[in-house]
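All residue numbers in this chain count up from 1 along the given sequence.
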Amino acid sequence: MFFDVFSFFTLIVLTLLSVIVSHASNSSSSSTCVVKDKEEDAELGEMATMESLIGLVNRIQRACTVLGDYGGDSALPTLWEALPSVVVVGGQSSGKSSVLESIVGRDFLPRGSGIVTRRPLVLQLQKTEPGREEYAEFLHLPKKKFSDFSMVRKEIEDETNSLTGRLKQISPVPIHLSIYSPNVVNLTLIDLPGLTKVAVEGQPESIVQDIETMVRTYVEKPNCIILAITSANQDIATSDAIKLSREVLEGRSYRLHHPWVGVVNRSQADINKNIDMITARRREREFFASSVDYRHLAGKMGSEYLAKLLSKHLESLIKTRMPGIACLINKSIDEIEAELHQLGKPVAIDSGAHLHTILELCRAFDLVFKDHLHGGRPGGDRIYSVFDNQLPHALRRLPFDRYLSLQTVRKVISEADGYQPHLIAPEHGYRRLIEVAVNYFRGPAEASVDAVHSILKELVRRSLAETQELKRFPTLQAEVSRAANEALERFREDSKTTTLRLVDMESSYITVDFFRRLPRGNEKGGIPPAAASIDRYTETHFHQIASNITSYIRMVSETLRNSIPKSVVHCQVREAKRSILDYFYVQLGQMKGNQLAALLNEDPALRERRQQCIKRLELHKSARDEIDSVSWS
């Protein structure tokens, strides 16, 4: 016959120890448990090795709590969830605390109705030499020994209330309690809040789901041994602990070699009655094997037997899983160190170091910015697109055809002549038409300057975002952004002045040789003197003037198409590459120590993340050293 036993570790094909404890109700005052022992006849192992292995896990668990690793949804690599553990699970008031006290031989856990256990209790039992005094220590009170176990109970209550308050809230942050006694075996047990079905007064409506979620985070761990407790006079089919364990195991069944270990709790009375009840339950349910060993169903003997079996199988689990845990630790160390490298080192405190750090961060930004311009990163090619596409297109769209219409040319030439008509060629009219036409180039010239300015601003924004080192310091990042954009504004103004001056130069001095080289047969420069008085104001004459000026403007357009990019690159791009933060460097040199420190006011979220990584790295390295110190032979 096969019987249901519940351990998540079997879910991944490896069958280990699983324990089900049945605890009597208040009227019964006893409990029983079912134990699946993979190697029934095997020895419990050498005590020294067992103490070493379980002590190893105890030390790593304590380090996890001190350094803030409680598992759950941590964004950092967690060691807590990888450690082998024995988790005590049961319904509310099912007797979990009584079973633990029977194992320890002391009354030390809080009593009461409702949810008494409201934080996980990591109970680490450490065997001492015979004759030594029994005492307890809390991880949060490392230098205080408790020999009065009623004070242990009070401290658990006080420490629970310090996080959860007195309104029956729960918290996933564990309490670590170590008990040193010659009457215990080396063993670590984790007691969890009891499963419940209804929230009572003062509890949030979510308390039922919150408790189940917390319990599942423990029992679903791959290295978990479940100690599932239920009342001896309760139908096993309705047991909360067994129901949850069945869900974790997906209803699988395993043969039990050591099915029952009786543990008599607070009252020793009427043991035979409880034995009879358990026997009847076995016959009624036909749930357990016929090899029930009732020798262990008696008071402290049962609890000692249970503790030794748990200790033995915990040791076996540690031996089996520790190589994998060691690999996990090494992998996590590499990941955390890589993240710490990315987060950067903590900032020094003296002003000289502050200035050095700021300059290094500015240089890092400058390198990224230049990389964009040089083509190592995308974006710089957009500047060339301004000169190769935007500027030529803008030049072609200038309205010279409309401006140099016959009507406009006639009007300008006539007005330029004034009261006395020109003799040979209307030079004043030519110059006036050329000057106005050349002014049209100011628009494309300014547009080119502004377009490149926008691209440079975008590259500054990108470079700031891509400079990982600057993300730590939002104040400095904002100051670098301000300084860089102010420099770009200065470069734009210089570029605009220089570029528009190029346009103005074209209207200030007309290339006379262009007109002198025009073919004389077409009379591009004027009309024959003999015909001047006849057709100087004819339509053909004005058409010829418009054609001559159009040719000249076309030449000017080609000239500016080549010279505007030179001016923009020289005044904006080149200067941005050379000196985008030069003025900021001057300002830095004038700052006092407190001003420099203010620039390195690190992002609190990143500072907190670094501290978490440092603690987690310390934990994993400590665990690695602890594992290396144990002899695995």
Hey, which of Thr499, Ile553, Asp504, Ile564 is the one that makes side chain to side chain contact (heavy atoms under 4.5 Å, CB included) with Phe441? Ile553
Roughly how far apart are Lys496 NZ and Arg442 CZ, rounded to 0.5 Å? 10.0 Å
Would a line drawn from the ring center of Tyr430 to the ring center of Tyr552 be shorter than 6.0 Å? no
Non-hydrogen atoms of Asn223 and Ala82 that approach each other most closely: ND2-O, 2.6 Å
Would you say Gln595's side chain and Lys592's backbone share a donor-acceptor pair under 3.5 angstrom? yes
Could you tell me whether the side chain of Ser567 and the main chain of Ser563 form a donor-acceptor pair under 3.5 Å? no
When rounded to the nearest 0.5 angstrom, what is the spacing between CZ in Arg118 and CD1 in Ile211? 10.5 Å
So, are Glu493 and Arg490 salt-bridged, with charged N and O less than 4.0 Å apart? no
Please tell me if the side chains of Cys224 and Tyr218 come closer than 4.5 Å, counting only heavy atoms from C-beta onward. no
Within a strict 4.5 Å, meaning less than it, do heavy atoms of the Phe584 and Arg482 side chains meet? yes
Taking salt bridge (charged side-chain N to carboxylate O under 4.0 Å, His left out) as the definition, give me every residue that meets it alongside Lys411, ordered by chain and number, with sequence neighbours left out. Glu415
Where Phe365 and Val460 come nearest, the two heavy atoms and their spacing: CE1-O, 3.8 Å
Arg501 atom CZ: more than 12 heavy-atom contacts under 6.0 Å: no
Have a look at Glu602 and tell me which of Arg472, Lys471, Lys345 forms a salt bridge (charged side-chain N to carboxylate O under 4.0 Å, His left out) with it. Arg472
Between Gln342 and Gln468 (side chain of the first, backbone of the second, donor and acceptor by atom type, cut-off under 3.5 Å), is there such a pair? no
Within-4.5 Å side-chain heavy-atom neighbours: Ile60 and Ile627: yes
Would a distance-only check, ignoring hydrogens and angles, find a side-chain to backbone donor-acceptor pair under 3.5 Å from Ser622 to Glu618? no
Checking Arg609 against Glu339 for the salt bridge (Lys or Arg N to Asp or Glu O under 4.0 Å) test, could you report, in this order, the C-alpha distance in whole Å, the side-chain angles of both residues, the deciding distance, and whether it holds? CA-CA 10 Å; Arg609 179 69 176 182; Glu339 182 172 357; 2.5 Å; yes
Taking C-beta and beyond as the side chain, do Val556 and Thr511 meet within less than 4.5 Å on heavy atoms? no
Between Ser162 and Glu159 (side chain of the first, backbone of the second, donor and acceptor by atom type, cut-off under 3.5 Å), is there such a pair? yes
Would the number of heavy atoms belonging to other residues, nucleotides or ligands and lying under 6.0 Å from OH of Tyr585 be above 12? yes
Looking at CE of Met591 and CD1 of Ile358, how far apart are the two atoms once the value is rounded to the nearest 0.5 Å? 7.0 Å
If you count heavy atoms of other groups shown closer than 6.0 angstrom to NE2 of His356, is the number above 12? no
Between Glu458 and Arg462, is there a side-chain N and carboxylate O pair less than 4.0 Å apart? yes
Does atom CG of Asp625 have more than 12 heavy-atom neighbours, drawn from other residues, nucleotides or ligands, at distances under 6.0 Å? yes
Nearest heavy-atom pair of Leu560 and Pro565: which atoms, and what distance? O-CD, 4.0 Å
Side-chain donor or acceptor of Ser547 paired with backbone N/O of His543 under 3.5 Å: no
Go through the steps for Lys331 and Asp334 under the test salt bridge (Lys or Arg N to Asp or Glu O under 4.0 Å), then give the verdict. CA-CA 5 Å; Lys331 179 183 177 183; Asp334 292 340; over 6 Å; no
Hey, which of His620, Arg624, Lys621 is the one that makes side chain to side chain contact (heavy atoms under 4.5 Å, CB included) with Ser332? His620
Which heavy atom of Val412 sits nearest a heavy atom of Gly429, and at what distance? CG1-O, 4.0 Å
Contact between Leu433 and Tyr403 at the side-chain level, heavy atoms closer than 4.5 Å - yes or no? yes
For Ala451 and Gln390, the nearest pair of non-hydrogen atoms, with its separation, is CB-NE2, 3.5 Å
Any Arg578 side-chain heavy atom under 4.5 Å of Glu575 side chain: yes
Only one of Gln612, Arg616, His341, Lys615 passes side chain to side chain contact (heavy atoms under 4.5 Å, CB included) with Ile336, and that residue is Arg616
Evaluation steps, side-chain contact (heavy atoms from CB on, under 4.5 Å), between Phe400 and Thr550: CA-CA 8 Å; Phe400 293 125; Thr550 299; 5.8 Å; no
What distance do Ile170 atom CD1 and Thr160 atom OG1 have between them, rounded to the nearest 0.5 Å? 12.0 Å
For Gly379, does its backbone N or O pair with a side-chain atom of Asp381 as donor and acceptor, under 3.5 Å? yes
Side chains of Leu600 and Leu361: does their closest heavy-atom pair fall under 4.5 Å? yes
Would you find a donor on one side and an acceptor on the other, under 3.5 Å apart, between the side chain of Thr357 and the backbone of Ala353? yes
CZ on Phe515 to CD1 on Ile549, rounded to 0.5 Å: 6.5 Å
Worked verdict on Asn389 versus His393 for side-chain contact (heavy atoms from CB on, under 4.5 Å): CA-CA 6 Å; Asn389 297 308; His393 181 70; over 6 Å; no
Under 3.5 Å: donor-acceptor pair, side chain of Arg119, backbone of Val173: yes
State which residues pass side-chain contact (heavy atoms from CB on, under 4.5 Å) with Ser405; sequence neighbours excluded, sorted by chain then number. Gln407, Thr408
Counting only heavy atoms not in Tyr583 (residues, nucleotides, ligands), do more than 12 fall under 6.0 Å from its OH? no
Stepwise side-chain contact (heavy atoms from CB on, under 4.5 Å) test for Phe369 and Leu459: CA-CA 7 Å; Phe369 179 69; Leu459 294 183; 3.8 Å; yes
Check the pair Val122 / Leu139 against side-chain contact (heavy atoms from CB on, under 4.5 Å), numbers first and verdict last. CA-CA 10 Å; Val122 180; Leu139 186 62; over 6 Å; no
To the nearest 0.5 Å, tell me how far Glu435 CD sits from Ser508 OG. 7.5 Å
Which atoms form the tightest heavy-atom contact between Lys221 and Thr217, and what is the distance? CG-O, 3.4 Å
Set of side chain to side chain donor-acceptor pair (under 3.5 Å) partners for Glu626, sequence neighbours left out: Arg59
Any side-chain heavy-atom pair of Cys64 and Leu83 under 4.5 Å: yes
Under 3.5 Å, is there a donor-acceptor pair between the side chain of Gln572 and the main chain of Val449? yes
Under 4.0 Å between a side-chain nitrogen and a carboxylate oxygen: does that hold for Glu558 and Arg554? no
